[in-house]
Amino acid sequence: MSEIIKENTEIKCSDLVGEKSNTEKKIIFSGAQPSGKMTLGNYLGAIKNWTMFQDDYECYYSVVDLHAITVPQDPATLRRQTFELLAQYIACGIDPEKCTLFIQSHVIEHLELMWVLNTMTYMGELNRMTQFKDKAKKSELNLNAGLFTYPVLMAADILLYQADLVPVGEDQRQHIELTRDLANRFNNRFSDTFKIPEGFMPKEAARVMSLQDPSKKMSKSDSDPNAFILLADDSDAIARKIKRSVTDSVGVVRYSDEQAGIKNLIDIYANLSGKSVEEIVSMYEGKGYGVFKQETAEIVVETLRPIREKYLYLLENKDYLKEIYASGAVKAQAKARKTLRKVYKKIGFVARER
Ligand code: AQP
């Protein structure tokens with residue numbers, strides 16, 4: 001399956017677009033959950049890549065609040081985090097003039113298509129999803145059906161927009177594969193309806209790991225705040241978290257699975273500096289972890305500083321954010337309804353009288 005995933009960050013948008021000038025623009029869909037503040041993992045694995053498509057693609061980027069409630073959320077916090085995430089998208093460089101930015105629950109078609117796809121998804125397929133297994137472990141007392149069918153909602157998100165490409169982190173690979181399977185299943189059972197999307201994953205930092213336990217990914221909902229770096233963290237917090245990050249007793253900066261903490265920091269450094277892993281390893285030959293950590297922190301701080309400043313400014317401008325998501329929902333809904341009308345017709349639903 002791996003050949004379907006375009007994993008090369010070197011790839012140029014113009015290569016992907018192909019004959020754009022003579023045909024319609026290709027389509028991108030992606031989203032993130034307002035389940036916390038955005039982490040460096042979300043940024044490097046996903047959002048940073050979203051910006052590179054916005055000139056050449058028709059981009060739909062959503063704050064996926066329907067996904068967020070698959071684990072319990074405090075209502076006031078969820079509302080606040082939805083605004084914060086939207087502000088962070090824009091602060092990260094996503095241009096609302098070029099992209100359609102919207103809140104998932106404002107486009108009801110996501111749930112309608114999800115239901116149809118639910119009826120075509122096998123329990124065995126969902127049982128195999130590692131994200132479900134991981135999250136189920138964390139919330140054994142509240143194993144709800146939404147957590148189980150989360151990947152079907154994600155498939156609906158993508159297929160509604162007839163997306164060609166879905167820029168996501170490595171952790172979403174399995175969900176993209178399921179989306180392709182469902183699209184093919186529907187197309188084969190009825191007739192060609194959905195475009196078959198491809199995942200787009202960056203080579204470095206496709207999976208940024210926890211700073212406290214480098215065997216698991218960095219997650220915004222981690223109960224230990226030292227495990228993640230937030231885009232909203234100030235310089236001191238970033239430096240402190242990187243300084244405290246878990247490493248090993250080897251004491252040599254090397255890119256090796258046996259030194260997972262250092263490997264993770266090298267990946268972050270490489271992604272943000274544009275330097276290769278080999279260059280970084282040779283730069284720190286004979287130097288200890290202290291200096292490596294300090295310089296990694298400096299790069300992270302300098303990258304995140306302008307994002308944080310813009311984010312704080314946008315948060316003060318709620319009316320502006322409201323305008324963005326209101327017009328985004330209108331555009332997204334027009335596109336989504338078109339696909340859903342086709343789907344309803346093909347499965348045999350009687351068309352609505354208007
Ligand atoms: N650690 C990560 N490394 C690389 N990419 C990551 N992504 C998330 N974590 C990493 C990518 O970020 C995008 C948005 O993710 P999401 O908010 O939809 O949900 P998630 O993958 O479940 O992210 P979190 O931070 O782990 O959220 P919680 O803690 O709520 O579950 C996706 O493209 C994802 O691949």
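In each ligand, atom 1 is the first atom listed, and ligand 1 is the first ligand listed.
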Ligand 1 atoms in contact with Arg207 (distance to a heavy atom under 4.0 Å)
3 (N), 4 (C)
Those atoms of ligand 1 less than 4.0 Å from some heavy atom in Val168:
33 (O), 35 (O)
Can you confirm, on distance only, whether ligand 1 has an N/O atom lying under 3.5 Å from any N/O atom belonging to [X]?
X	value
Val208	yes
Met218	yes
Gly41	yes
Asp222	no
Ser35	yes
Ala46	no

Closest heavy-atom approach to atom 21 (O) of ligand 1 among Lys217, Gln33, Glu170 is made by Lys217
Using heavy atoms and a 4.0 Å limit, tell me yes or no: is Asp171 in contact with ligand 1?
yes
Return yes when Ser210 approaches ligand 1 closer than 4.0 angstrom through a heavy atom, no otherwise.
no
Check ring-ring contact (aromatic ring centres under 6.0 Å, His included) between Phe102 and all other residues, then give those that pass, not counting sequence neighbours.
His110, Tyr161
Quick one: do Glu58 and Lys335 make a salt bridge, cutoff under 4.0 Å?
yes
Determine, for Lys241 against Asp233, whether the closest basic-nitrogen to carboxylate-oxygen distance falls under 4.0 angstrom.
yes
Is it true that a side-chain atom of Ser256 and a backbone atom of Glu258 form a donor plus acceptor pair closer than 3.5 Å?
yes
Distance under 6.0 Å and angle within 45° of ring axis: Lys310 vs Tyr313:
no
Just checking Phe132 against Phe148, ring centres under 6.0 Å apart?
yes
Using 30° and 60° as the class boundaries, would you call the ring planes of Phe53 and Tyr57 parallel, tilted or perpendicular?
perpendicular
Going by the angle between their ring planes, with limits at 30° and 60°, are Trp50 and Tyr89 parallel, tilted or perpendicular?
perpendicular
